[in-house]
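Okay, structure first, notes after.
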Amino acid sequence: MKLKHLLIGALIVALPTTALATPIVIKFSHVVAQQTPKGQAANYFKKLAEERTKGRVKVEVYPNSQLFKDQEEMEALQMGSVQMLAPSLAKFGPLGLKEFEVFDLPFIFDSYAELHKVTQGPVGAKLLKKLETKGLIGLAYWDNGFKVMSDNKPLRNVADFRGQKMRIQSSKVLESEMRSVGAIPQVMAFSEVYQALQTGVVDGTENPPSNLYTQKMHEVQKYITLSNHGYLGYAVLVNKKFWMGLPADIRKILEGAMRDATIFANNVAKKDNDDAMAAVRKSGRCQIITLTPRERAAWKKAMDKAHKDNMGRIGVDVVKEVYRETGYKP
Ligand code: LMR
């Protein structure tokens, strides 16, 4: 053997095996901007996963619907074209997992503390388990926040909603919520909302401030009502076959990285939303409406219909379990 070959051979032996092995790639697709709570948490998970596996895992994050839009990303995960997602809990109905729409019930959570009783307790764990029937595993819940209502008309009284076309996520509960106040709901992918508002295809929508601000929706809406009438958050999903097929040591490291990314996500969510709302205010582009307790109570009373109408769909047991945790009273 020539000296050159011997040297190359020695070099290969000397290299750590991790440098030679092709990394396991996790494609993580999502629909929001990188500065949102979900965007930041996805990037943080990537950092931890790559550092802790010493490069054996590579996480490719695709934000802002770059790779897939709402509905497409769920299909892509089931087919294995992506390995990780964190869809909004309001988007599980079309998969046949209607129980998750419990999170969309208006006024069901008054605070993050109440929400965490569910997402960090036995009810949340039971719901995640149901994903396995669809070939998925739910690794964690990531917080976003409480929604404001935006429109080109001031929405203060229930009657103000009459005839307003409102974009919603693909949830029957949100459909009922909008109908309960006389609005006309329209399901639409997140990536299309800005343009739909700009061109008047819809009049308004609901979002946590972090989503509203990072998509510049405040530039195409005249009014924002600080209603906190509902919650929007996520479950981090992986394809079960992919996840269970990972080497056990890698899976363990990734589970640890996910635990820490979840703590991070839930720590930044409230502040990100507060900061986003402050930035919207500062922009001076929208008039901000604060509801009196009486006005807010009138929204709650009207929207309670969404609870009644969807008990059967979500499952009475699940709804009652969440009521028990949060103390919801109509
Ligand atoms: C929406 O479609 O409004 C949200 O689900 C987007 C997101 O992922 O926060």
Side-chain angles (χ1 to χ4, degrees), residues 28-43 45 61-74 76-77 82 84-95 97 100-106 115 119 138 140-151 165-175 177-178 183 185-198 201-218 220-221 224 227-237 261-262 265-266 268-270 272-273 276-277:
F28 188 159
S29 170
H30 68 80
V31 300
V32 292
Q34 307 224 43
Q35 319 88 281
T36 56
K38 174 163 65 178
Q40 292 176 62
N43 291 346
F45 171 74
V61 181
Y62 298 92
N64 253 325
S65 310
Q66 243 170 46
L67 200 57
F68 294 111
K69 298 202 270 187
D70 290 330
Q71 177 101 40
E72 300 165 356
E73 68 173 18
M74 287 289 205
L77 184 67
V82 290
M84 193 174 275
L85 301 176
S88 155
L89 300 164
K91 292 175 183 168
F92 289 60
L95 273 186
L97 295 162
F100 282 86
E101 291 182 0
V102 73
F103 290 99
D104 302 331
L105 288 169
L115 165 79
T119 52
Y141 289 98
W142 283 359
D143 291 354
N144 189 341
F146 293 89
K147 294 179 281 189
V148 297
M149 207 63 97
S150 65
D151 200 290
K165 280 180 278 162
M166 303 296 283
R167 179 271 170 172
I168 54 162
Q169 306 171 81
S170 57
S171 155
K172 293 285 177 209
V173 169
L174 297 180
E175 204 175 306
E177 170 201 278
M178 290 298 180
Q186 197 161 323
V187 174
M188 191 179 286
F190 186 65
S191 55
E192 285 156 21
V193 183
Y194 176 87
Q195 210 186 359
L197 291 170
Q198 191 185 37
V201 170
V202 288
D203 302 305
T205 187
E206 54 169 17
N207 264 297
S210 57
N211 278 356
L212 175 117
Y213 179 64
T214 52
Q215 297 296 319
K216 300 189 182 356
M217 292 183 201
H218 61 294
V220 288
Q221 293 275 261
I224 295 175
S227 46
N228 289 342
H229 61 280
Y231 172 73
L232 190 155
Y234 313 104
V236 184
L237 310 182
T262 301
N266 298 353
V268 297
K270 182 171 184 310
D272 280 359
N273 279 299
M277 203 53 232

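For ligands, and for the atoms within them, numbers begin at 1 and follow the listed sequence.
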Note to self: Does Arg167 form a salt bridge (charged side-chain N to carboxylate O under 4.0 Å, His left out) with Glu192? I'd like the steps, not just the answer.
What the structure shows: CA-CA 10 Å; Arg167 179 271 170 172; Glu192 285 156 21; over 6 Å; no
Atom indices of ligand 1 within 4.0 angstrom of [X] heavy atoms, with elements:
X	value
Asn211	4 (C), 6 (C), 7 (C), 9 (O)
Asn207	3 (O)
Leu232	4 (C), 9 (O)
Ser88	5 (O)

Notebook entry, point to check: Does a donor on one side chain sit under 3.5 Å from an acceptor on the other, for Thr36 and Asn144?
Noted result: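 On atom types as modelled, these side chains do not qualify, holding no pair under 3.5 Å.
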Margin query: Looking only at side-chain N and O atoms, does Gln169 offer a donor or acceptor that is under 3.5 Å from a partner on Asp104?
Written below: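 Side-chain D/A pair, Asp104 to Gln169: absent.
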Next item on the list: State whether the number of non-hydrogen atoms from other residues, nucleotides or ligands found under 6.0 Å of Tyr234 atom OH is greater than 12.
Entry: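 Above 12, so yes.
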Margin query: Tell me if the CD atom of Gln198 is crowded by more than 12 foreign heavy atoms within 6.0 Å.
Written below: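 Enclosed.
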Check: Of all the heavy atoms in His30, does at least one lie under 4.0 Å from an atom in ligand 1?
Finding: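 No, His30 has no heavy atom closer than 4.0 Å to ligand 1.
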Notebook entry, point to check: With respect to atom 1 (C) of ligand 1, which of Trp142, Phe190, Tyr234 exhibits the smallest heavy-atom separation?
Noted result: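 It is Phe190 that holds the nearest heavy atom.
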Margin query: With a 6.0 Å cut-off on the ring centroids, do Phe103 and Tyr141 count as close?
Written below: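 Ring-ring flag for Phe103/Tyr141: true, centres closer than 6.0 Å.
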Which protein heavy atom lies closest to [atom], and at what distance to 0.1 Å?
atom	value
atom 8 (O) of ligand 1	Lys38 NZ, 2.7 Å
atom 3 (O) of ligand 1	Arg167 NH1, 2.7 Å
atom 2 (O) of ligand 1	Lys91 NZ, 2.7 Å
atom 7 (C) of ligand 1	Val32 CG1, 3.3 Å

Next item on the list: Decide whether an N or O pair under 3.5 Å exists between Gln169 and ligand 1.
Entry: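 It does: an N or O of Gln169 is found under 3.5 Å from an N or O of ligand 1.
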Next item on the list: Using the six-membered ring wherever Trp is involved, compare the ring planes of Phe28 and Phe45 and label them parallel, tilted or perpendicular (cut-offs 30° and 60°).
Entry: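 Judged by the thresholds at 30° and 60°, the geometry between Phe28 and Phe45 is perpendicular.
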Item checked: Close side-chain approach of Leu85 and Lys91, heavy atoms under 4.5 Å ->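 With C-beta onward as the side chain, the pair stays apart.
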Next item on the list: Answer side chain, backbone, both or neither: which part of Val193 comes under 4.0 Å from ligand 1, heavy atoms only.
Entry: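 The answer is neither.
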